[in-house]
Every structure is written in structure tokens, then in C-alpha cells.
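All heavy atoms count here, side chains included; hydrogens, waters and symmetry mates do not. This one's a predicted model, so the numbers in the text were calculated from it and none came from an experiment. Each ligand, and each atom within it, is numbered from 1 in the order the structure gives.
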Amino acid sequence: MNALLQRLQIDLPLFQGPMTGSDTPQLAAAVSQAGGLGFLGCGMRSPQAMREVAAAVRAATAKPFGMNLFVLEQPTPDAATVQAAIDRLAPLYADLGLPPPEAPARWCEDFHAQFEALLEARPAVASFTFGILTAAQVARLQAVGSTVIGTATTLAEAQAWAAVGADAVCASGMEAGGHRGTFLTPTQPGATGAAPSLADFAASMVGTLPLVAQCAQALSIPVIAAGGIMDGRGIAGALALGAQAVQMGTAFLNCSESAIGPAYREALAHAQATDTRTTRIFSGRPARGIVNRMMQALQADESTVPPYPVQNALTGALRRAAAQAGQADCLSLWAGQGVAQVRPMPAAQLVALLAQEWQQATAPRSTSTIGHQ
Ligand SMILES: Cc1cc2nc3c(=O)[nH]c(=O)nc-3n(C[C@H](O)[C@H](O)[C@H](O)COP(=O)(O)O)c2cc1C
């Protein structure tokens, strides 16, 4: 029992990471009920959908759970940029028998409306990625009883979250599946408020080991380790570095309760650690996933696709159609470098197994065995 677990009233130092598009209330409830902390990725959920999924978790368990948002403003891309992005994607849409995508009425959910829905839902944990809150926003969440966690990909980002009053930081190493949460600009010191460039994203690809160790040493608030943690030994390792909990995404992706379809499950079952890359081509923000045809076909456009959420919105219909057709070729197969260790099973069983492995990994070893070698 450390300070974070005591505060959250959970038994295990283990979060199921929020996974936009892949998590479900059933997954989150199963993890929370088993003693960990289940999460709902709400970055692309409407305020109404947020209310519904929070209610669904509460109907299934009285245990605490978390909700996560993308800190994002509505972009205003120029028409030429949007048209160029549409033209690049048109052949892939045509391959699936679809017309080219159209610019949507809005590019992403309204963050401020989502934030109000979050305050109303009062989850035990409210976590954020892609940006940072103001101190006033952090205080509003704390006033309704939510513990606030910010995602950091560098020590400077972790310190920025501590400075606005966050209760804990999720230190997300470069091994992690899904999007990089990077929001600061290490290659442009002093450029306040500037969006991270490709060079900034590259500089912020810090591995879980050094990131967690640095954050745990420098911060006085708890650190949660994310990225590449797949089993009980990984949990023990992260805690030995000073983390108070771990956040695991890829490990839970192939659980029975996750929302992913058969093509994605099949890809996860066969992927090796060497099969993942980070790419901007699906969404406009670097994210780690399993290499497939779409990633390879658009690789040359890596530096020119419009930033998140524009590219994300323009590829959305294609990815949905590919999922429906059972074609992994045009899906964003988000997964971390630990993908070869994914174990498909119900979430409660996985949490129990992780707890058992973690205990084994931390149990004192007999010195006589070492002495006789
Ligand atoms: C499919 C998928 C979707 C994700 N969506 C989100 C998200 O919406 N918000 C977020 O903060 N992190 C998101 N993540 C990151 C996870 O919450 C977690 O931090 C990460 O997966 C940990 O690394 P691992 O995949 O190596 O376990 C996502 C990860 C995956 C694999």
C-alpha cells in the first residue's frame, strides 16, 4: 500500500490504460472489480457518451475508475491543406470502394464540453494527454473529488503537470502503444505555447526506464509508469524505479471485453516486438502501432500530413470501413513494443495473473540457490 493506492482506495498498483476506440465500460469495470483501476478513454466520446459509459461502469462495480481526455482545441486548417490530405487518401478509400473523405463540420469533440461532462461524472481519477490543464481547471476537478493525473513524455512535461497542481503524473515511455502525449517543445526552448514539431516529438521519445527513474527522483507527487509493461516482472521493475503504479494498455487490448475486432486481434496474436513503429500517417500525431499496408503506403507523407486531429478525422471513415470488412491493412493497429507478450483472456483473469506474477517477482529469493551456482 503506497500513498497513491491509499488515496485511490485500490488494492493493486495496476491501471488499465485508457484506450480510445478499444476500451469499454465492461473492460474498465472488470479491471476495477479485480482490484486495479479501470479506465475509459473519452478523447473521442461526446459528453453524452461520456455520461453513458460512466453510468455503465457504475452499474457494474462500486469500485473506483478513471476517465481520460485529450487536451485539444478545435483546429482551423486551410482549405488547400485539407484538400491535399484528401487527395493523398483518395486511392486508399477507392480500394475499399469508398468515395474520398469530406471535411467534417468539426474536427474533434469540443474539449470544454467534455470537461464539463467530466466534472459532472466525478470519476475517482481524471487523466489527460496531448496537452496540459490550467491550475484553475485542475482545482475544479479536485473540488469535485477527482484525482488529477497528467501524461508526460519528458521530465519537463512531468514538472509542468506538478506545477499546475496535478496529483500524479503518468510517465509514458516511447515503448507505449498508441499516441505520444508530447505537448512541450524541447528543441525550441522558451517557445511557450508552440505546438511540438517533428523534432520535438523525436526528442521526446524517452524510454520508460530513464523517464520513470528521472520523474520519480525529481517529483514529490506519485509517478505512474507506462510503456512496455506486460507482466508481473515488469510491474516489479517499474515499482523498483520509484513508480507507485503502472499503466498497461497493450496487455489489455486482446482481453475479451475490449472493443477491437477479429482482424486487430489476429494482428496482435502474431506481432513481434520488431513489428511496431511510430507514425503520423493515421492521425497526424506520432503513435505506435503494428506496421501494415497503409502505414507503408503513406510513409513518404510522414512529415506532410496535417496535424492531429485533422488527419485523424480524414482517415476515420477508412479505418471504420476496414474494421467492418475485417481488413487489418487499413486499420490503425495501435500496440506497444511489448506486443509479443499479449495474453488473450478475460480482464479479471489477467489482473489476477499479473498480481500473482508481481508477488512472485518481489518474493525474497533463497540465497542458498545463488550460493550453490
Ligand atoms: C489502442 C490504444 C489506445 C490508447 N488510447 C489512449 C487514450 O485515449 N488516452 C491516453 O491517455 N492513452 C491512450 N493510450 C495509452 C495507454 O493508456 C497506455 O498508457 C499505454 O498503452 C501504455 O503502454 P503499453 O501499450 O506499452 O502498455 C492508448 C493505447 C493504446 C494501445
Side-chain angles (χ1 to χ4, degrees), residues 14-24 27-28 31 36-45 50 53 66-72 108-109 111 114 118 125-132 148-153 157 161 168-183 207-209 211-212 223-231 234-235 237-238 243 245-255 258-261 264-265 267-268 271 273 276 278 282-283 285-290 308-309 312 319 323 331-343 350 354:
L14 158 53
F15 296 3
Q16 160 250 314
M19 291 189 283
T20 290
S22 302
D23 62 33
T24 60
L27 179 65
V31 172
L37 188 81
F39 250 103
L40 297 165
C42 295
M44 292 183 71
R45 286 182 163 120
M50 288 173 65
V53 286
M67 294 172 80
N68 170 272
L69 285 181
F70 302 152
V71 184
L72 203 59
C108 57
E109 291 293 332
F111 172 73
Q114 289 178 314
L118 190 63
V125 175
S127 86
F128 298 87
T129 188
F130 296 4
I132 187 163
V148 178
I149 301 180
T151 304
T153 60
E157 289 175 353
W161 273 108
V169 164
C170 175
S172 174
M174 62 169 283
E175 299 91 324
H179 285 96
R180 299 297 291 147
T182 302
F183 62 92
T208 305
L209 271 167
L211 181 65
V212 171
V223 173
I224 297 117
I229 300 163
M230 300 298 293
D231 59 16
I235 299 174
V246 301
Q247 178 162 296
M248 300 165 70
T250 303
F252 284 99
L253 259 180
N254 216 351
C255 284
S258 102
I260 65 171
Y264 200 160
R265 289 185 190 274
L268 286 173
T276 74
T278 48
F282 288 110
S283 73
R285 174 175 268 271
R288 185 176 293 282
I290 300 168
Y308 195 98
N312 193 57
R319 290 181 287 140
L331 283 176
S332 42
L333 300 166
W334 305 139
Q337 288 183 328
V339 64
Q341 294 164 270
V342 169
R343 295 173 287 188
L350 181 57
L354 291 167

(request) Provide the number and element of each atom of ligand 1 under 4.0 Å from a heavy atom of F70. (result) 7 (C), 8 (O), 9 (N)

(request) For atom 14 (N) of ligand 1, state which one of P18, G249, G178 supplies the nearest heavy atom. (result) P18

(message) At less than 4.0 angstrom from any non-hydrogen atom of T250, what atoms of ligand 1 do you find?
(response) 21 (O), 24 (P), 25 (O), 26 (O), 27 (O)

(request) Measure from atom 20 (C) of ligand 1 to every heavy atom in G177, G150, C170 and give the option owning the shortest one. (result) G177

(message) Would the distance check show the side chain of R45 and the main-chain N or O of T20 forming a donor-acceptor pair, the cut-off being under 3.5 Å?
(response) no

(request) Check ligand 1 against M248 and write out every atom of the ligand that is under 4.0 Å from a heavy-atom position of the residue. (result) 27 (O)

(message) I'd like to check F70 versus F128 (side-chain heavy atoms, cut-off strictly below 4.5 Å). Are they in contact?
(response) no

(request) Can you sort out the partners of T250 under side-chain hydrogen bond (donor to acceptor under 3.5 Å, both in side chains), two or more places apart, ordered by chain and number? (result) none

(request) Would you indicate which of Q247, M19, R180 comes nearest to atom 3 (C) of ligand 1 when only heavy atoms are counted? (result) M19

(message) Just to be sure I read this right, does ligand 1 sit under 4.0 Å from the backbone of N68, its side chain, both, or neither, counting only heavy atoms?
(response) side chain

(request) Please list, chain by chain and in numerical order, all residues satisfying side-chain hydrogen bond (donor to acceptor under 3.5 Å, both in side chains) with Q247, sequence neighbours excluded. (result) none

(message) Out of all atoms in ligand 1, which are within 4.0 Å of some heavy atom of G227? Include the element for each.
(response) 22 (C), 23 (O), 26 (O)

(request) Could you tell me whether the side chain of M67 reaches within less than 4.5 Å of the side chain of F39, counting heavy atoms only? (result) no

(message) Out of all atoms in ligand 1, which are within 4.0 Å of some heavy atom of G228? Include the element for each.
(response) 24 (P), 26 (O)

(request) Flag the pair H179 / Y308 as yes when at least one side-chain heavy-atom distance between them is below 4.5 Å, and no otherwise. (result) yes

(request) For residues L354 and M248, determine if any side-chain heavy atom of one lies less than 4.5 Å from a side-chain heavy atom of the other. (result) yes

(request) Around atom 1 (C) of ligand 1, find the nearest protein heavy atom and jot down its residue, atom name and distance. (result) W334 CB, 3.6 Å

(message) With heavy-atom distances below 4.5 Å as the criterion, would you say the side chains of L14 and L37 are in contact?
(response) no

(request) Have a look at ligand 1 and work out which part of T129, if any, has a heavy atom under 4.0 Å from it: side chain, backbone, both or neither. (result) side chain

(message) Give the atom numbers and elements of ligand 1 that come within less than 4.0 Å of a heavy atom of G17.
(response) 17 (O)

(message) One residue to check: F39. Relative to ligand 1, which of side chain, backbone, both or neither has a non-hydrogen atom less than 4.0 Å away?
(response) neither

(request) Give the residue, atom name and distance (to 0.1 Å) of the protein heavy atom nearest atom 8 (O) of ligand 1. (result) T20 OG1, 2.5 Å

(request) Would you indicate whether the side-chain heavy atoms of F183 and T151 approach each other to under 4.5 Å? (result) no

